[in-house]
Amino acid sequence: MITLPRLRNNSEEVIARLAIRGLDASSMVNEVLTLDEKVRTLKTELEALKAESNANAASIGRLMKEGNVEEANKAKEASAQSKGIIKNLESELTTLESQLKEALVVLPNTPDFSVPTGKNSDDNKIEGVYGTMPEIPENSLPHWDLAKKYDLIDFDLGVKITGAGFPVYKGKGAIIQRALIQFFLNEAGKMGYTEIQPPLMVNSDSAFGTGQLPDKEGQMYYVGEDDLYLIPTAEVPVTNIFRGVLYKSDQFPIKYCGYTPCFRREAGSYGAHVRGLNRLHQFDKVEIVQLVHPDKSYETLTEMSEYVQSLLKKLGLHYRVLLLCGGDMGFTSAKTYDMEVWSPAQKMWLECSSVSNFETYQTHRLECRFKDENGKSQFPHSLNGSALALPRILASILETYQTPEGIVVPEVLRPYTGFDIIK
RNA sequence: GGUGAGGUGGGUGAGUGGCUGAAACCACCAGUUUGCUAAACUGACGAACGGGAAACUGUUCCGGGGGUUCGAAUCCCCCCCUCACCGCCA
């Protein structure tokens, strides 16, 4: 959530930044400011009344103690009168405050000024293309055919057991999944990330804290009986570790990583572009999360983006880095880099990581603060990134490393797989 | 699912209607002393929101919501959560 003091003091800047998303927020911002003004006026009025009534109640106590019952009873009558007025003002205030919150919560995060203006993915900026375009033979197969040929993934079986988008990994297919997870976790560990195994279901407070609610309600699987959501990413449970905590500035940076399955309803996506491993309802991902001092967050964003790229390099995959334009960024992000891996058989780029700086947007919702050097409490900045999402990486590996003899396992994975070729 | 106990400040924990935003202890912070460290002593020490140029000041908060009362951490009702034991169980 955007903080109120910021909206009061820098509303022009907030509007200018939101314009980067292609959003004209001026009327939304004005609504917030109008409501805020009303809330404050009413609050002042109400508090004065309450102060008076509190003082009165205290004096009744004194009079009773002194045995001055007559005076006390007079004061009681006066008190009873103001009670009704206070009650009315209070309910008015509650209404205004919830209106204010509703108006505030629908404002997305403000993009950093370095984010390109734009409406959709066409306006993203290509920051760089790395590795070499793999040359694969004419008769090369897309990953879903390779998965079938070598019996690595059974999509039909997943349909039988659960439904479309829930593949079954088998044999070496399962092992290479496990190898990737372990490789990613070990690499993150080397970089100082503490490994977390979080719950795979979260309550609505957590879903709100990271911004999945109310924005992406329909994208999460919901267990109504217990009022819990299946996590769409480890970001949700891991970032919620910070919820309601007051840190000290010398504790930063806090670095967590975690592997989890992720569950996404992906309502409304059908067709060829969701074929094979391209888009699933359940998939595996290793996530990295950091909580840092506000002065450091953009430095950290670069560091995290470079770390994610180092994984792609070690796997020997061809990839590119995009700086997302305002319109293509997530609701809660201030700046996002996407990494896309090349799928040589499909001849298309597949998003496999998204690294974002949320600035104070999440920490404000999470009520996560820290005491700065002057003892003032401030919101730290939170960041996260996929490092990495498995399915599209696997798709790219299968297609990139296919040979007439079989699929060659990238060298860095061999210690984890125990085999170097899939035949 | 059953029974019982309990949810108070960073932590432990006292507090059954006004003198309690809250004892005491611990931790943290500042200072004094000591050659350093440790120890001892002294002091400060919850948060959010509002008013004020500031000094300062007001309101709210003792799991959440509602009620009783002039006045609630304290009494009543509902809900949530935690713990223990039992039941079931990977």
Side-chain angles (χ1 to χ4, degrees), chain A residues 1-9 32-105 197 199-209 213 223-229 237 240-252 254 261 291 360 362-380:
Chain A
M1 259 184 319
I2 302 175
T3 60
L4 272 174
R6 186 170 162 215
L7 276 170
R8 276 178 214 141
N9 302 327
V32 170
L33 291 177
T34 309
L35 284 166
D36 176 50
E37 192 57 45
K38 280 189 191 166
V39 164
R40 285 195 289 167
T41 311
L42 187 58
K43 209 172 216 177
T44 310
E45 193 184 333
L46 180 62
E47 283 177 2
L49 277 172
K50 277 190 177 175
E52 200 181 307
S53 147
N54 285 345
N56 196 33
S59 79
I60 292 170
R62 259 197 321 277
L63 291 169
M64 292 296 265
K65 198 148 267 180
E66 288 163 9
N68 196 341
V69 180
E70 204 174 309
E71 283 292 312
N73 282 337
K74 263 193 215 162
K76 273 191 197 180
E77 273 171 46
S79 207
Q81 274 190 346
S82 66
K83 203 178 160 185
I85 303 171
I86 288 174
K87 200 154 197 180
N88 282 338
L89 289 182
E90 260 176 352
S91 76
E92 202 178 318
L93 182 64
T94 310
T95 311
L96 277 174
E97 277 178 335
S98 67
Q99 283 173 358
L100 176 59
K101 189 170 181 192
E102 272 168 44
L104 199 54
V105 124
Q197 274 193 25
L200 305 182
M201 292 194 230
V202 295
N203 56 32
S204 54
D205 284 345
S206 292
F208 177 83
L213 290 180
V223 183
E225 197 168 4
D226 295 295
D227 195 22
L228 296 172
Y229 296 86
N240 270 279
I241 292 174
F242 307 137
R243 175 150 53 87
V245 181
L246 182 62
Y247 290 97
K248 289 179 187 155
S249 55
D250 61 9
Q251 290 176 272
F252 297 138
I254 295 171
L291 188 70
T360 62
Q362 287 184 330
T363 52
H364 181 218
R365 285 179 168 232
L366 292 163
E367 289 180 60
C368 165
R369 287 157 310 193
F370 74 99
K371 288 265 188 209
D372 67 16
E373 301 69 24
N374 305 318
K376 293 278 272 179
S377 66
Q378 284 194 50
F379 294 113

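Lettering follows sequence order; numbering is per chain, from 1.
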Need the pair for [N]. Rule: Watson-Crick or G-U wobble, both distances under 3.5 Å, any strand; none if unpaired.
| N | answer |
| --- | --- |
| B/rG10 | B/rC26 |
| B/rC62 | none |
| B/rC83 | B/rG4 |
| B/rA44 | none |
| B/rC75 | B/rG67 |

Please state the [atom1] separation for the pair [N] and [M] - nearest whole angstrom.
| N | M | atom1 | value |
| --- | --- | --- | --- |
| B/rG50 | B/rG66 | C1' | 26 Å |
| B/rA24 | B/rU42 | P | 13 Å |
| B/rG4 | B/rC89 | P | 24 Å |
| B/rU68 | B/rU74 | P | 15 Å |
| B/rA27 | B/rC79 | C1' | 35 Å |
| B/rA22 | B/rC62 | P | 14 Å |
| B/rA72 | B/rG21 | C1' | 14 Å |
| B/rG65 | B/rA73 | P | 13 Å |

Next on the checklist: Taking side chain to side chain contact (heavy atoms under 4.5 Å, CB included) as the criterion, tell me which of A/Leu89, A/Ile85, A/Thr41 meets it with A/Leu46.
Outcome noted: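 Considering A/Leu89, A/Ile85, A/Thr41, a side chain to side chain contact (heavy atoms under 4.5 Å, CB included) with A/Leu46 is found only for A/Leu89.
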Checklist entry - Does the side chain of A/Phe370 reach to within under 4.5 Å of the side chain of A/Gln378, using non-hydrogen atoms? => result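 With C-beta onward as the side chain, the pair touches.
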Next on the checklist: Using every non-hydrogen atom in the two residues, find where A/Cys368 and A/Pro380 come nearest and quote the distance to one decimal.
Outcome noted: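 Smallest interatomic distance, heavy atoms only, reads O-CD, 3.2 Å.
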Item to check | For A/Arg6, side-chain hydrogen bond (donor to acceptor under 3.5 Å, both in side chains) partners two or more places apart | outcome: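 For A/Arg6, the residues satisfying side-chain hydrogen bond (donor to acceptor under 3.5 Å, both in side chains) (neighbours in sequence not counted) are A/Thr110.
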Next on the checklist: I want to check one thing: is the phosphate of B/rG18, taken as OP1 and OP2, less than 4.0 Å away from some side-chain N or O of A/Asn54?
Outcome noted: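 For B/rG18, OP1/OP2 do not have a side-chain N/O of A/Asn54 under 4.0 Å.
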Next on the checklist: List the residues meeting side chain to side chain contact (heavy atoms under 4.5 Å, CB included) with A/Asn54, not counting sequence neighbours, and say none if there are none.
Outcome noted: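 Testing A/Asn54 for side chain to side chain contact (heavy atoms under 4.5 Å, CB included), a comparison that skips the adjacent residues, returns none.
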What integer distance in Å separates [X]:[atom1] from [N]:[atom2]?
| X | N | atom1 | atom2 | answer |
| --- | --- | --- | --- | --- |
| A/Glu37 | B/rC49 | CD | P | 17 Å |
| A/Lys43 | B/rA48 | NZ | C1' | 8 Å |
| A/Glu97 | B/rC49 | CD | C1' | 9 Å |
| A/Leu100 | B/rC49 | CG | C1' | 12 Å |

Checklist entry - Can you give one letter per nucleotide of nucleotides 61-71 of chain B, going 5' to 3': B for a protein heavy atom under 4.0 Å from the base, S for sugar-phosphate only, - for none? => result ------S-BBS
Salt bridge (Lys or Arg N to Asp or Glu O under 4.0 Å) with [X]: which residues, sequence neighbours excluded?
| X | value |
| --- | --- |
| A/Arg8 | A/Asp36 |
| A/Glu71 | A/Lys74 |
| A/Glu37 | A/Arg40 |

In a table with atom names and distances, give each donor-acceptor pair under 3.5 Å that connects a side chain of residues 240-247 of chain A to protein atoms at least two apart or in another chain.
from	atom 1	to	atom 2	distance (Å)
A/Asn240	OD1	A/Arg243	NE	2.8
A/Asn240	ND2	A/Ser206	O	2.9
A/Asn240	ND2	A/Val236	O	2.8
A/Arg243	NH2	A/Ser206	OG	2.8

What pairs of donor and acceptor atoms, side-chain ones from residues 90-100 of chain A against any protein atom, are under 3.5 angstrom apart with sequence neighbours left out?
from	atom 1	to	atom 2	distance (Å)
A/Glu90	OE2	A/Lys50	NZ	2.7
A/Ser91	OG	A/Asn88	O	3.2
A/Thr94	OG1	A/Glu90	O	2.9
A/Thr95	OG1	A/Ser91	O	2.9
A/Ser98	OG	A/Thr95	O	3.1

Next on the checklist: Judged by each residue's nearest nucleotide on RNA chain B, which is more toward the 5′ side, A/Lys50 or A/Ser59?
Outcome noted: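 Result of the comparison: A/Ser59.
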Checklist entry - Among the nucleotides B/rU59, B/rA48, B/rC49, which one has an atom lying closest to any side-chain atom of A/Arg369? => result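 Of B/rU59, B/rA48, B/rC49, B/rA48 is nearest to the side chain of A/Arg369.
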Restricting to nitrogen or oxygen on both sides, can you table the protein-nucleotides 51-57 of chain B pairs closer than 3.5 Å?
from	atom 1	to	atom 2	distance (Å)
B/rG51	OP1	A/Arg40	NH1	3.4

